[in-house]
Student: 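Got a structure for you, written out below as structure tokens; questions coming shortly.
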Amino acid sequence: MSLNKLRNIGIAAHIDAGKTTTTERLLFFTGTTRKLGEVHDGQATMDFMKQEQERGITIASAAISCSWKDHQINIIDTPGHVDFTVEVERSLRVIDGMVALFCAVSGVEPQSETVWNQADRYKVPRIAFVNKMDRIGADFSDAVGQMDKYLDANPVPFQIPIGSEEDFSGMIDLITRKAYVFDGMDRKEVDIPADYREKSEEARQFVVEKIADFNDEIMDCFLNGQDVSADVLKKAAREAVIKLLITPVFCGASYKNKGVQLLLDAIVDYLPSPVDKGSVVGMDTNDTEKSHTRHPSPKDPFAALAFKLIHDPYVGQQTFIRIYSGMLKTGMEVYNATKDKEERIGRILKIRANDREEVETAVPGDIVALIGMKYTKTGDTLCDPSHPLYLESIFIPPTVIEMKITPPTKKEDEKLGASLRKLSMEDPSFNVRYDEETNETIISGMGELHLEIIIDRLKHEFGVEAQVGEPSVAFRETIQSEQDINYKHAKQTGGKGQYAHVVMRIEPNAGNGYEFVDHIKGGAIPAEYIPSVNKGIESALKEGILSGFPVVDVKVVLLDGTYHEVDSSDMAFRTCAAIAFKQAFMKANPILLEPQMKLEVNTPDDYIGDVIGDINRRRGKIESMRRHRKGSQKLNGFVPLMEMFGYATHLRNITSGRANYSMEFNRYVPVTKDIQEKVLKKIEEAKKTKN
């Protein structure tokens, strides 16, 4: 199949906007499935994980292929729940185009904005589908208006609905001037109803006017009052979508099978192929200033990005990759530029949700799963060994919530460790660490639901009935002032001694993570020991100093030092640097940082005072209020995560179950002195109790 006829697309939106139902309908109408799977009865093709079927939500992005009008469409269905935002992140990194779903009743919701911003980060062209037009309260114009106001999407309706709520019967395609009505599974093309003719011509004129801004030919027609043909309009609209200039908007009701075939047409007509997206640029592995370009051609050197790992009980670890250039064959040697390791390609699988088809070769644009990868993880670049490069990796947000976890018996300790390692390899937003001081394993993730699913998977997939503690906040540590340190590490035992001496300065580095700067002159410390100093500091960062939480946003400048011809070693400089850093850290006004969450609450007007008062009591700050729908408001603000445990139940109680909320990580902020003292005291007491 020609690359021009391939579409790699993602479907993304706020939770409960109907992503999985829409995907099921796309698969049904393309003949990929013979039965309509439903989310509510746990039969959705794309939700094949047990935890997804039980909860009626999508957790892991599932990839599936289907065909429509001589085009192959690879669909990646993504979660809407904010705890699984990394799944959306890695899917958006490898797709070429996106269908953004919006509920016709709720319009733009918090996670809609998050997904939209993620798509902006990766410059993904998109079309919009306003779903649930048959629901009470559906308002197509309002949803489009919210897309313009809150997302800056430059939305352009390419369809207008015929009726709404229970009277929603179909839609008018403004480009082709055709109307479609639906009766069950049947779609009929009809004349535009008389009472919609004037409205549809005005709406088409708006489309022409919008696209004329980006196309001279259409601008001439528009200024001269000439009609623009559907073909000319489609071609210009496609170019505008690919350049991220407009967002065409379509409508329908997926659950009632209305508008799905037209959405498939729109995917083919307006979203880009790998050829449209063009070449990718990667960094040279030796010189970050230098770049390399790879074109979507089998003749270019091989380049691909690993974006997901799954542990399958039947075939073992599957590593999902998106191929950008070159040809991949079974048995081939490839280079993992991120890990500096060679990998041999075992088996190549094309995926239909949880079904697989083994193939011998894969080409640019393909999304395939590889079996037998030893070193490759999420975000790694695989490439031709003789033409190495790094492709842009995947943004992984920091974890914000922690839990202690213990095996049911000492015997199962090893099994728990192995299972957690596998889960953390699959999910880069899930971390596992061992606290040497308390001899406890601590898991951390993006939210309470995220860790709940992990515990559930441990039980059902790995057979480990782990015991868990209460969720707690994942703090971070940093400093507020500069501090110089001059430290000499000298130990003499029976044989060879240990000698290392460093002089360094640590300083705050707000928002920029850890930075190491080498200012050694004249070989005061030999070049081979400089990385050892860095590694020693990095080990101290991980363990934490004030309270055992990781250290962030610190810059270390290595100024001077001395060494010994015989007694200096890699280990001596690592140990010396770690101790020096810890000593300097404790003198540099150390402080705890806490995760601050971005909060959005939808509440009826009657309860606004109670909701705002409650948020204020939780150290929250309301930034803005906006009218959501008649009789209700959207409150936006920021609140510390440590104050939000149990908020869902409390919000239900104070609003008689009529308000709902969404929360996502914003950034780490310093805690006040009294809260820091309370947190440190609590940690100290927990350690004493443990011992």
Student: Test your reading of the model: is there a side-chain donor-acceptor pair from D148 to the backbone of G145, 3.5 Å cut-off?
Tutor: no
Student: Any side-chain heavy-atom pair from I608 and T603 closer than 4.5 angstrom?
Tutor: yes
Student: Kindly give the heavy-atom pair with the smallest separation between V281 and L391, and that separation in Å.
Tutor: O-CD2, 4.4 Å
Student: Which heavy atom of V108 sits nearest to which heavy atom of Q146, and what is that distance?
Tutor: N-OE1, 2.9 Å
Student: Say whether, by atom type as modelled, one donor and one acceptor occur between the side chain of T381 and the main chain of T338 under 3.5 angstrom.
Tutor: no
Student: How many angstroms lie between CD1 in I11 and CG in L101, if you round to the nearest 0.5 Å?
Tutor: 7.0 Å
Student: Would you name the heavy atoms of S254 and N131 that are closest together and state the gap between them?
Tutor: N-OD1, 2.9 Å
Student: Could you tell me whether the side chains of N215 and K235 share a donor-acceptor contact shorter than 3.5 Å?
Tutor: no
Student: Ignoring hydrogens, what is the shortest heavy-atom contact between V268 and R7? Give both atom names and the distance.
Tutor: O-NH2, 2.9 Å
Student: Within this structure, what is the CD1-CD distance for the pair I192 and E198, rounded to the nearest 0.5 Å?
Tutor: 12.5 Å
Student: Can we say D134 and K256 salt-bridge, meaning some charged N sits less than 4.0 Å from an Asp/Glu carboxylate O?
Tutor: yes
Student: Of all heavy-atom pairs between K277 and V124, which one has the smallest distance, and what is that distance?
Tutor: NZ-CA, 4.4 Å
Student: Quick one: does D139's side chain get under 4.5 Å of S164's, heavy atoms only?
Tutor: no
Student: Please check if any side-chain donor atom of W68 sits under 3.5 Å from a side-chain acceptor atom of D265, or the reverse.
Tutor: yes
Student: Does atom CG (N117) have a neighbourhood of more than 12 heavy atoms from anything else shown, all under 6.0 Å?
Tutor: yes
Student: Checking side-chain polar atoms at under 3.5 Å, does Q596 have a donor or acceptor matched by the opposite partner on N666?
Tutor: yes
Student: Please name the residue in the list N74, L26, L27 that meets the side-chain contact (heavy atoms from CB on, under 4.5 Å) test with C66.
Tutor: L27
Student: Can you confirm whether I95 sits close enough to Y122 that some side-chain heavy atom of one is under 4.5 Å from a side-chain heavy atom of the other?
Tutor: no
Student: Find out whether V249 and V130 are in side-chain contact, i.e. whether some heavy atom of one side chain is under 4.5 Å from a heavy atom of the other.
Tutor: yes
Student: For atom CG of D152, decide whether the heavy atoms of other residues, nucleotides or ligands shown that lie under 6.0 angstrom number more than 12.
Tutor: no
Student: Please name the pair of heavy atoms, one in T247 and one in R126, separated by the smallest distance, quoted to 0.1 Å.
Tutor: CG2-O, 3.7 Å
Student: Should F214 and K243 count as side-chain neighbours, where that means a heavy-atom distance under 4.5 Å?
Tutor: no
Student: Could you give the distance from CG (L382) to CG (L328), rounded to the nearest 0.5 Å?
Tutor: 8.5 Å
Student: Are R121 and L92 side-chain neighbours, meaning at least one heavy-atom pair lies under 4.5 Å?
Tutor: no
Student: With side-chain contact (heavy atoms from CB on, under 4.5 Å) as the test, pick out the partner of V99 among I75, I267, T23.
Tutor: I267
Student: In terms of side-chain geometry, is the basic nitrogen of D142 or K149 positioned less than 4.0 Å from the acidic oxygen of its partner?
Tutor: no
Student: Output the distance between atom CD1 (I175) and atom NZ (K234), rounded to the nearest 0.5 Å.
Tutor: 8.0 Å
Student: Please check: side-chain N/O of R187 versus main-chain N/O of V181, any donor-acceptor pairing under 3.5 Å?
Tutor: no
Student: Roughly how far, to the nearest 0.5 Å, is CG of L599 from CG of N636?
Tutor: 8.0 Å
Student: Is the backbone of Y255 close enough, under 3.5 Å, to the side chain of R25 for a donor and an acceptor to pair up by distance?
Tutor: yes
Student: Under the salt bridge (Lys or Arg N to Asp or Glu O under 4.0 Å) rule, collect the residues that match up with D173, sequence neighbours excluded.
Tutor: none
Student: Checking the side chain of Q72 only, and the main-chain atoms of K5 only, is there a donor and an acceptor separated by less than 3.5 Å?
Tutor: no
Student: Going from CD on E392 to CE on M283, what distance comes out if it is rounded to the nearest 0.5 angstrom?
Tutor: 10.0 Å
Student: Within a 6.0 Å radius of atom CG on L223, are there more than 12 heavy atoms belonging to other residues, nucleotides or ligands?
Tutor: yes
Student: Would the number of heavy atoms belonging to other residues, nucleotides or ligands and lying under 6.0 Å from CG of N224 be above 12?
Tutor: yes
Student: Does a sphere of radius 6.0 Å around CD in Q226 hold more than 12 heavy atoms from other residues, nucleotides or ligands, not counting ones at 6.0 Å or beyond?
Tutor: yes
Student: Spell out, as yes or no, whether a donor-acceptor pair under 3.5 Å connects the side chain of D300 to the backbone of H295.
Tutor: yes
Student: Hey, does the side chain of Q159 reach the backbone of C251 with a donor-acceptor pair shorter than 3.5 angstrom?
Tutor: yes
Student: Donor-acceptor check, side chain of D366 to backbone of V363, threshold 3.5 angstrom: yes or no?
Tutor: yes
Student: Is any side-chain N of the basic residue among E623 and K621 closer than 4.0 Å to the acidic one's carboxylate O?
Tutor: yes
Student: Charged N to carboxylate O below 4.0 Å: is that the case for D269 and K69?
Tutor: no
Student: Would R322 count as a cation-pi partner of F320, with NZ or CZ less than 6.0 Å from the six-membered ring centre and within 45° of the ring normal?
Tutor: no
Student: In the structure I gave you, are the side-chain heavy atoms of R177 and S200 within less than 4.5 Å of one another anywhere?
Tutor: no
Student: Determine which pairs satisfy ring pair (Phe, Tyr, Trp, His ring centres under 6.0 Å) with at least one residue from residues 153-211, sequence neighbours left out, and list them in order.
Tutor: F158-F250, F158-Y270
